[in-house]
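Here the structure is laid out as structure tokens; the discussion comes afterwards.
Start at 1 and go down the list; that is how both ligands and their atoms are numbered. Below, all heavy atoms of this structure are taken into account, side chains as well, without hydrogens, waters or symmetry copies.
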Amino acid sequence: MVVLSEKTQKRLSIKTQEIAANTTTIRSLDWDRDRFDIEFGLQNGTTYNSYLIQGEKIALVDTSHEKFRQLYLDTLKGLINPEEIDYLIISHTEPDHSGLVRDFLALAPQATVVGSKVALQFLTDFVHQPFTQQIVKNGDRIDLGKGHELEFVIAPNLHWPDTMFTYDHLTQILFTCDAFGLHYCSDLTFDEDLSAIEPDYRFYYECLMAPNARSVISALKRMGELPEIKTIANGHGPILQYHTGELVERYRKWSQAQAKAEKTVAVFYTADYGYSDRLSQAIARGITKTGVAVEMMDFKAADPQEIQEITSRSTGIVIGTPPASDQYMQAALGTLLAAVKEKQTVAIFECYGGDDEPIDPLVTRFKESGLAQGFAPIKIKDTPTEAIYQQCEEAGTDFGQLLTKDISIKQRKAVDSEVEKALGRISTGLYIITAKKGELSGAMLASWVTQASFEPLGVTIAVAKDRAIESLMQVGDRFVLNILEEGNYQTLMKHFLKRFAPGADRFAGIDTQPANNGSPILTDALAYVECQVSSRMDCSDHWIVYSTIDNGRVSRPEGLTAVHHRKVGNYY
Ligand code: FEO
């Protein structure tokens, strides 16, 4: 059954299927969800997967998003009397999986809630009512009977510190929640159509898991100690059964590549405090766009030795201010401050938790110690908006670019290859891409642009992965391609080549008018076309963005397009 949620008029449906002996998936299909957190644009909706395992005892693994309240609870009651459920296993406490825990416990007050120590701490705050709980550690087991012996694998930071996996020794299913998931909604329960799902699998990894690559590697190591894993029963998207090994190996390959990055930034935050986790994720995503590795560390869950180790091996440190009145976290911050060394680069953001450690004394302290600043302190005076998250992501990118500046210059100078010189003889035009989406906007000087199709009219644009505008050029997004004019492009080029502060208005002082699609047309451009992103191809350090053209106009018919000549092919 498909229902339209009253608030959003978006399609919601539920699908159940037996996926192994005594094991049923309850998949909540959110067909039209187009955004997940911050800048995570979804092309194919998403699902929230929950699982029922019926041995002699019965366990439910995770619940669903609260928007599925009625549908989910009715479906569950159709499968089993909730009063017969012995365990509710919580893999992770974000509301898309735990949003119905309170409702579930109202129907099944006898159930014991099982989770990691951190998960149960979060959940206690969230549920606001007493419930029976059982904290499990790595390797702990619960025997459900009929051969279903469950073993728990603690997998912190995938992508919250609370995460744990559950392995059923009978069915050889590993329940992983966010890890190995993807935002992809379809009637298919499994991953048989690999080519359909792999772009979303990769994108999901980049957004959620890449900032936690070292934690992914640790989790893979723990997974390696289990017997065979036949199926990965994830929390989002198709369940991995046809290509399990292949898709797990991709996580290993991508995470090893991330972890090998020459430089690392440690991002310290406080889960479940203000907007610390979301803001830190946006910053981490900005940093990883530049090829710099990130290690996320929760003040609440870290022990002093870990803080010391991570701080001393990182090139850069980002600190989300912890609560000023929490002694445990103040001690953690003290450990961090004691471990920071000269030559490291540091940045600080407020979490808007109502009790933030004051930011200015910290900034002064770092300045006086001679530490470089990765980005200007982010002071948040209101509930973060999309623009604030964009500012955080751009600040992260600035931080990463600052750390990789020397590497980039070295690479540019190392021009001794005939191949690079020959490649440099490819010439292109000069363009400025402009985009506006709600309160977010961006602009970028581009030269790797070419027409790519006649029917429909289409262009491809290569966009470096560390460009801020990249998050406004996801499938379905609209933008304007402004074509610059020979002899009349210097002012525009100079303006858009400037370094802008994170979140700064790129269009201040520039004449623009809105296109039909809402993005700015630069009045001084020779021509413009309005584009809509149709697909993206991952090309190592660039995205190739293929877009169809909706509209366009030439301002000066006699004008010629500005041409960009280069000498070498290892930079623009
Ligand atoms: Fe799917 Fe982190 O929740």
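Distance check for Cys177 against atom 1 (Fe) of ligand 1: none of its N/O/S atoms falls below 2.8 Å. With 2.8 Å as the limit, Glu94 counts as an N, O or S neighbour of atom 2 (Fe) of ligand 1. Atom 2 (Fe) of ligand 1 has an N, O or S atom of His92 under 2.8 Å away, backbone or side chain.
Note on Glu470 versus Lys465: no salt bridge recorded, every NZ/NE/NH1/NH2 to OD/OE distance being 4.0 Å or above. The pair Lys15-Asp187 does not count as a salt bridge, with every side-chain nitrogen at least 4.0 angstrom from each carboxylate oxygen.
Considering just the N/O/S atoms of Asp96, the one nearest atom 1 (Fe) of ligand 1 carries the name OD2. In Asp178, the N, O or S atom that comes nearest to atom 1 (Fe) of ligand 1 is OD1.
No close placement of the Tyr269 and Phe299 rings is indicated, their centers lying 6.0 Å or farther apart. His159 has its ring centre less than 6.0 Å from the ring centre of His92.
Listed for the Glu439 side chain is a donor-acceptor partner under 3.5 Å among the backbone atoms of Glu386.
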